[in-house]
Asker: 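Please find one structure pasted underneath; my questions will follow.
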Amino acid sequence: MNNEIDEESFESRSRLQKSFFARDAEIVAKELLGKVLVRKINNKLLKARIVETEAYYDENDPASRACKNGDLKNTMKMNAGTILVYGVHNNWLINFVTGKKGEAAAVLIRAVEPLNFDGKGNGPGLLTKSLAIDKSFHKKHIFDNQGYLDLRKDKENLDHEIVESFRIGVKKDLPKKLRFYIKGNKFISRK
DNA sequence: AGGAAGATCTACT
DNA sequence: GTAGATCTTCCTA
């Protein structure tokens, strides 16, 4: 695909729908694998394929920020597709709100594969640094942030096998595997 | 106003 | 494998 018209045509066909996010966090987490995060900076597009995600739920999930009252819990109840950014140990972590409005759920992006730029993607704090994602995206919607951050289907329909594991770095996990990554990908954060 | 915990990362041994 | 950096967020008072 090497002319502008094909590129434009693909771009418009490759948008995700709102209904994509309005489902259970586990489903969204799995289906986000292989999708492409697009970050626009000074009219340049940085593209990165999502290769690792985790699902988080409401106050019944001991690892979730929704266990504490406050802005993060409230944000997790917002419209599906809302961007949620929060800080841990001097790193910004990016999530997408999923499910029904009023119910707390989100998917954390844990690792990406840089497609057209140099930078690290193999960790939730590293990928936000590489893509210059910070708190300014918090509570913006993925479909309504002037294109500075977007999410697309991949051009190539790459087959991949999904591996499930328990979540990383959480003190108390649920008895269910809620971390998902693309088998064999070199950019996953940990084995 | 102050403190503790944390969905992390890096560097060192 | 372990320790320390470093700062946002939430809780307590």
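Lettering follows sequence order; numbering is per chain, from 1.
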Asker: So what does A/Asp71 hit on the nucleic acid, given a heavy-atom distance under 4.0 Å: a base, only sugar-phosphate, or nothing?
Answerer: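 If one applies the 4.0 Å heavy-atom cut-off, A/Asp71 turns out to touch the sugar-phosphate alone, with no base involved.
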Asker: Just the rounded figure in Å: distance from C1' of C/dT8 to CG of A/Asp134.
Answerer: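 That distance rounds to 13 Å.
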Asker: Please check if any side-chain donor atom of A/Asn185 sits under 3.5 Å from a side-chain acceptor atom of A/His160, or the reverse.
Answerer: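 On atom types as modelled, these side chains do not qualify, holding no pair under 3.5 Å.
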Asker: Which residues within residues 98-111 of chain A lie with some heavy atom under 4.0 Å of an atom in DNA chain B?
Answerer: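 Within residues 98-111 of chain A, the residues near DNA chain B are A/Leu108, A/Arg110.
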Asker: From A/Leu32 CG over to A/Thr53 OG1, what is the distance, rounded to the nearest 0.5 angstrom?
Answerer: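 Reported to 0.5 Å precision, the distance equals 6.5 Å.
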Asker: Enumerate, atom names and distances included, each donor-acceptor pair closer than 3.5 Å involving a side-chain atom of residues 165-184 of chain A, sequence neighbours excluded.
Answerer:
from     : atom 1 : to       : atom 2 : distance (Å)
A/Ser165 : OG     : A/Arg179 : NH1    : 2.9
A/Arg167 : NE     : A/Asp173 : OD1    : 2.8
A/Arg167 : NH1    : A/Ala55  : O      : 3.0
A/Arg167 : NH1    : A/Asp61  : OD2    : 2.8
A/Arg167 : NH2    : A/Asp61  : OD1    : 2.8
A/Arg167 : NH2    : A/Asp173 : OD1    : 2.7
A/Asp173 : OD2    : A/Arg167 : N      : 2.9
A/Lys176 : NZ     : A/Glu26  : OE1    : 3.2
A/Arg179 : NE     : A/Glu52  : OE2    : 2.8
A/Arg179 : NH2    : A/Glu52  : OE2    : 3.2
A/Arg179 : NH2    : A/Arg190 : O      : 2.7

Asker: Just the endpoints, please: which first and last nucleotides of DNA chain B, 5' to 3', lie under 4.0 Å from a heavy atom of chain A?
Answerer: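 Listing 5' to 3', DNA chain B meets chain A from B/dG6 to B/dT10.
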Asker: Check the orientation of A/Phe21 and A/Phe96. Use parallel for under 30°, tilted for 30 to 60°, and perpendicular for over 60°.
Answerer: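 Aromatic pair A/Phe21/A/Phe96 classed tilted.
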Asker: Nearest 0.5 Å, what's the CD1-CG distance between A/Ile41 and A/Leu131?
Answerer: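 CG of A/Leu131 is found 7.0 Å from CD1 of A/Ile41.
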Asker: For A/Phe20, is the NZ or CZ atom of A/Arg23 found under 6.0 angstrom from the centre of its six-membered ring and inside 45 degrees of the ring axis?
Answerer: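 That pair qualifies as a cation-pi contact.
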Asker: Tabulate atom names and distances for all N/O pairs under 3.5 angstrom spanning the protein and nucleotides 3-6 of chain C.
Answerer:
from  : atom 1 : to      : atom 2 : distance (Å)
C/dT6 : O3'    : A/Asn90 : ND2    : 3.3

Asker: Decide, yes or no, whether a salt bridge links A/Asp58 with A/Lys77 under the criterion of side-chain N to carboxylate O below 4.0 Å.
Answerer: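 Salt bridge between A/Asp58 and A/Lys77, a charged N being under 4.0 Å from a carboxylate O: no.
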Asker: Calculate, to the nearest 0.5 Å, the distance between atoms CG and CZ belonging to A/Asn116 and A/Arg49 respectively.
Answerer: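 The CZ atom of A/Arg49 is 11.0 Å from CG of A/Asn116, to the nearest 0.5 Å.
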Asker: For A/Val170, report the nucleic acid contact type (base, sugar-phosphate, nothing); a contact means any heavy atom under 4.0 Å.
Answerer: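 The answer is sugar-phosphate, as A/Val170 gets under 4.0 Å only of primed atoms, P, OP1 or OP2.
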Asker: How does DNA chain B read in dot-bracket, base by base from 5' to 3', with Watson-Crick or G-U pairs under 3.5 Å and | used when the partner is on another strand?
Answerer: ||||||.|||||.
Asker: Please give, in whole Å, the distance from C/dC7 C1' to A/Lys135 NZ?
Answerer: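 It works out to 12 Å between those atoms.
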Asker: Identify each donor-acceptor pair in which a side-chain atom of residues 83-92 of chain A lies under 3.5 Å from a protein atom, sequence neighbours left out, and give them as a table.
Answerer:
from    : atom 1 : to      : atom 2 : distance (Å)
A/Asn91 : ND2    : A/Val88 : O      : 3.4
A/Asn91 : ND2    : A/His89 : O      : 2.9

Asker: Does atom NZ (A/Lys100) have a neighbourhood of more than 12 heavy atoms from anything else shown, all under 6.0 Å?
Answerer: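 Atom NZ in A/Lys100 is not packed in, count stays at 12 or less.
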Asker: SG/A/Cys67 to CG/A/Leu72 distance, rounded to the nearest 0.5 angstrom?
Answerer: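 If we round to the nearest 0.5 Å, A/Cys67:SG and A/Leu72:CG are 12.0 Å apart.
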Asker: Do you know the tightest heavy-atom contact between A/Lys73 and A/Ala104?
Answerer: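 Result for this residue pair: O-CB, 4.4 Å.
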Asker: Hey, are A/Arg39 and A/Asp150 close enough for a salt bridge, meaning a charged N less than 4.0 Å from a carboxylate O?
Answerer: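 No, this pair does not count.
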